[in-house]
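Down below is the structure, laid out as structure tokens.
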Number of protein chains: 2
Amino acid sequence: MDPSISIFGDWGTSRLRLYLRQGKSVLDRRDGPGISALTTSPEDTFLELVGDWREARPSGAVLCGMVGSRIGWVEAPYAPCPASAADLRERVLKIEADGLPVSIIPGLSCLNPLGGPDVMRGEETQILGALELDPALKTGRHLLVLPGTHSKWTVVEDGAITGFLTAPVGETFALLRQHSTLAAGVGADVQGSDAGFAMGLSRIVEHGPAQLPHLLFETRARQLLDALPAADAIGFLSGLLIGADAAAARQWFGDLGQVILVGAPALNRFYGQAIASQGGVVTAIDGDSAVLAGLTTLSPRKNSDFHVLA
Amino acid sequence: MDPSISIFGDWGTSRLRLYLRQGKSVLDRRDGPGISALTTSPEDTFLELVGDWREARPSGAVLCGMVGSRIGWVEAPYAPCPASAADLRERVLKIEADGLPVSIIPGLSCLNPLGGPDVMRGEETQILGALELDPALKTGRHLLVLPGTHSKWTVVEDGAITGFLTAPVGETFALLRQHSTLAAGVGADVQGSDAGFAMGLSRIVEHGPAQLPHLLFETRARQLLDALPAADAIGFLSGLLIGADAAAARQWFGDLGQVILVGAPALNRFYGQAIASQGGVVTAIDGDSAVLAGLTTLSPRKNSDFHVLA
């Protein structure tokens with residue numbers, strides 16, 4: 001077993017990304033099916049994908065995301081907020097697969113800023129990774145936003161995640177885009193335009209996020225009456241949804257101030273515009289880099305942390 | 001040809017309802033496919049369904065809804081607001097099918113209360129029908145709400161439709177309920193509970209309609225963390241969406257005051273609760289009755305209105 005080599009994985013609902021690492025270098029990367037798309041057991045899927053990586057004698061694997069949910073490999077109960085990296089490391093669930101130690105990072109639960117229950121799985125790793133990539137975030141209070149299928153607005157205080165709020169913005173966009181009359185007749189390959197996005201954003205700035213349900217239908221009416229091109233209509237829909245997300249967050253968070261975006265560059269760009277339209281100033285961190293940094297910091301500190309040694 | 005007998009039809013996207021009428025009596029009723037589910041041409045579908053009704057020698061047929069859209073039988077261009085029953089009668093499109101005169105009622109377009117373009121097809125007939133069923137609505141200014149797939153908040157002034165606003169609330173609910181993670185694992189036959197609906201409504205009253213995107217995810221988190229039963233979760237989702245619709249309307253309409261609901265009884269009941277939670281007082285009119293009254297009032301006044309006489 002080579003203690004410098006390990007396997008890292010981000011195993012979400014719709015995709016699995018596996019990395020073979022030596023220290024901070026990524027030696028190889030493989031993609032696999034998400035938890036909701038498995039055709040064999042999680043363990044078999046994992047072992048098959050890992051395959052010849054075993055020849056490098058990795059010391060173990062560390063996985064975050066839906067892999068630890070009730071529908072995943074094994075359930076790692078949610079850790080309550082506030083939670084620091086040390087808190088999460090203590091709660092890592094340790095199993096093994098064909099003799100390979102596997103650590104599964106638990107998700108987080110909290111009472112969110114609107115007083116409702118909330119959960120995350122996978123994002124906690126990205127957030128703690130972002131704090132490693134920009135250590136200045138480890139002191140004081142910061143608002144981090146992880147845009148995506150389920151956007152997470154997260155408050156970090158002195159290095160601990162103290163609360164967060166989920167908005168299923170990406171999921172709502174995808175459903176309306178694929179199945180609703182708002183985008184009826186728009187080809188599946190049509191990408192939203194920047195001009196359309198800016199128009200949607202400006203409608204939210206003009207009328208406020210409360211009017212989102214009443215502005216959505218404009219996506220269709222503008223195509224029917226104003227011959228709005230399909231790419232602009234899709235951008236408009238996206239601008240409305242992301243714009244309302246940012247505007248609503250300002251209502252409960254107060255002045256947004258400096259906001260740290262942790263996500264894919266394209267999403268970071270759209271959210272950056274929406275947050276700027278609400279007076280926020282944005283710093284962007286790449287989501288994939290944050291996951292790797294988070295998996296590193298949440299890895300067991302020594303081999304004896306594992307139940308079973310290779 | 002018997003001038004006392006005619007065929008009325010409400011031909012929407014997802015269903016066709018045909019009525020054989022003599023005066024104000026419904027002699028027979030037949031259901032058929034909506035415009036988006038046709039397997040033969042609209043004319044052939046219509047003639048086949050009408051079938052033996054022709055033996056009663058109806059004077060003609062009057063149809064409203066998506067039948068007059070670009071994807072319907074023949075396009076009846078939108079009439080602009082303000083529009084009274086007389087305005088719409090003037091714009092009825094007259095065609096014929098196998099010698100039977102067919103009148104197609106145009107839809108309406110407007111610049112809505114948020115300054116956006118908006119359209120309706122079919123609801124104009126229900127609204128003008130509601131005014132026939134309750135003639136007191138023909139004078140003064142009234143707010144009528146037609147809940148449904150695309151809810152229509154409509155202002156009527158002295159008998160004319162002066163403006164309206166569409167919110168795709170029913171469509172959004174159906175998509176989130178059927179396809180999203182919010183209702184993942186909830187059987188398709190689970191109906192929303194009244195208790196869940198009331199809970200969703202109260203979350204909107206508490207936090208305001210702007211927080212809708214930030215409250216939606218509670219539907220899932222409450223199932224995961226609080227073991228919220230599936231029927232309550234579906235009711236909760238419905239309460240959030242309908243509650244936000246009513247609360248947002250109050251922001252642009254001002255005090256809701258007396259609101260006339262025109263729709264199916266079950267939907268009227270849910271919207272009644274949401275509007276009451278915003279201080280409105282509701283009167284409900286059955287949607288099917290309103291359609292029949294509207295088709296009557298929009299029927300051509302004499303046979304010579306038809307291009308082709310039977």
Side-chain angles (χ1 to χ4, degrees), chain A residues 13 36 69-71 78 109-110 112-119 149-153 165-169 171-172 174-176 178-182 184-185 203 206-226 228 241 244-245 247-252, chain B residues 13 36 69-71 78 109-110 112-119 149-153 165-169 171-172 174-176 178-182 184-185 203 206-226 228 241 244-245 247-252:
Chain A
T13 304
S36 67
S69 74
R70 208 166 297 170
I71 59 165
Y78 295 108
S109 65
C110 76
N112 71 28
L114 299 178
D118 219 323
V119 292
T149 305
H150 292 167
S151 294
K152 304 282 181 184
W153 294 78
L165 187 146
T166 304
V169 173
E171 182 168 23
T172 305
L175 288 176
L176 292 175
Q178 289 164 30
H179 300 294
S180 81
T181 57
L182 303 183
R203 292 295 281 157
E206 186 182 357
H207 289 288
Q211 300 303 334
L212 174 65
H214 291 178
L215 292 168
L216 282 176
F217 193 72
E218 270 186 39
T219 310
R220 176 161 177 78
R222 287 182 185 275
Q223 292 174 79
L224 286 171
L225 297 179
D226 300 346
L228 188 73
L241 289 165
D245 188 19
R250 187 187 190 171
Q251 292 196 352
W252 58 258
Chain B
T13 305
S36 66
S69 73
R70 209 166 296 171
I71 59 165
Y78 295 108
S109 65
C110 75
N112 72 27
L114 299 178
D118 218 324
V119 292
T149 306
H150 293 165
S151 295
K152 303 283 180 182
W153 295 78
L165 187 146
T166 304
V169 172
E171 182 167 24
T172 305
L175 290 176
L176 292 175
Q178 291 164 31
H179 299 295
S180 80
T181 56
L182 304 182
R203 292 295 282 156
E206 187 183 355
H207 288 289
Q211 298 304 333
L212 176 64
H214 291 177
L215 292 168
L216 282 176
F217 193 72
E218 271 186 37
T219 310
R220 178 162 176 77
R222 287 181 184 275
Q223 293 174 79
L224 286 172
L225 296 181
D226 300 345
L228 187 73
L241 289 165
D245 188 18
R250 187 185 192 173
Q251 292 197 351
W252 58 258

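In the text below, chain A, chain B and the rest are named by the order of the sequence lines, each starting its count at 1. Computed from a predicted model, the values in this text were never measured in an experiment.
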Can you find a heavy atom in the side chain of B:T172 that is under 4.5 Å from one in the side chain of A:P213?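 They are not in side-chain contact.
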
State, yes or no, whether a side-chain contact exists between B:V119 and A:F217 at a heavy-atom distance under 4.5 Å.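 Counting from C-beta outward, B:V119 and A:F217 do come under 4.5 Å.
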
Most heavy-atom pairs under 4.5 angstrom with chain A, which of [options]?
{"options": "B:S109, B:P113, B:A167", "result": "B:A167"}
{"options": "B:T181, B:D118, B:I71", "result": "B:T181"}
{"options": "B:H214, B:E171, B:R203, B:Q178", "result": "B:H214"}

Are the side chain of B:H179 and the backbone of A:L175 linked by a donor-acceptor contact shorter than 3.5 Å?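 It does not hold such a pair.
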
Flag, side chain of B:Q211 to backbone of A:A248, donor-acceptor distance under 3.5 Å: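 Flag set: sc B:Q211 to bb A:A248 pair under 3.5 Å.
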
Best-contacting candidate, A:E206, A:R222, A:R70, against chain B by heavy atom pairs under 4.5 angstrom: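 Heavy-atom pair counts peak at A:R222.
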
Greatest number of heavy atom pairs closer than 4.5 Å to chain B - which of A:A244, A:A247, A:S180, A:A210: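 Greatest number of close heavy-atom pairs with chain B: A:A210.
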
Portion of [X] that has a non-hydrogen atom of chain B nearer than 4.5 angstrom:
{"X": "A:L212", "answer": "side chain"}
{"X": "A:H207", "answer": "side chain"}
{"X": "A:L165", "answer": "side chain"}
{"X": "A:A174", "answer": "neither"}
{"X": "A:S36", "answer": "neither"}
{"X": "A:L225", "answer": "side chain"}
{"X": "A:W252", "answer": "both"}

Could you measure the distance from the CG atom of B:L182 to the NE2 atom of A:H150? Nearest 0.5 Å is fine.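 Going from the CG atom of B:L182 to the NE2 atom of A:H150 covers 6.0 Å.
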
By a 4.5 Å heavy-atom criterion (distance strictly below it), what part of B:A184 contacts chain A: side chain, backbone, both, or neither?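 For B:A184, there is no contact with chain A at all, as no heavy atom is under 4.5 Å.
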
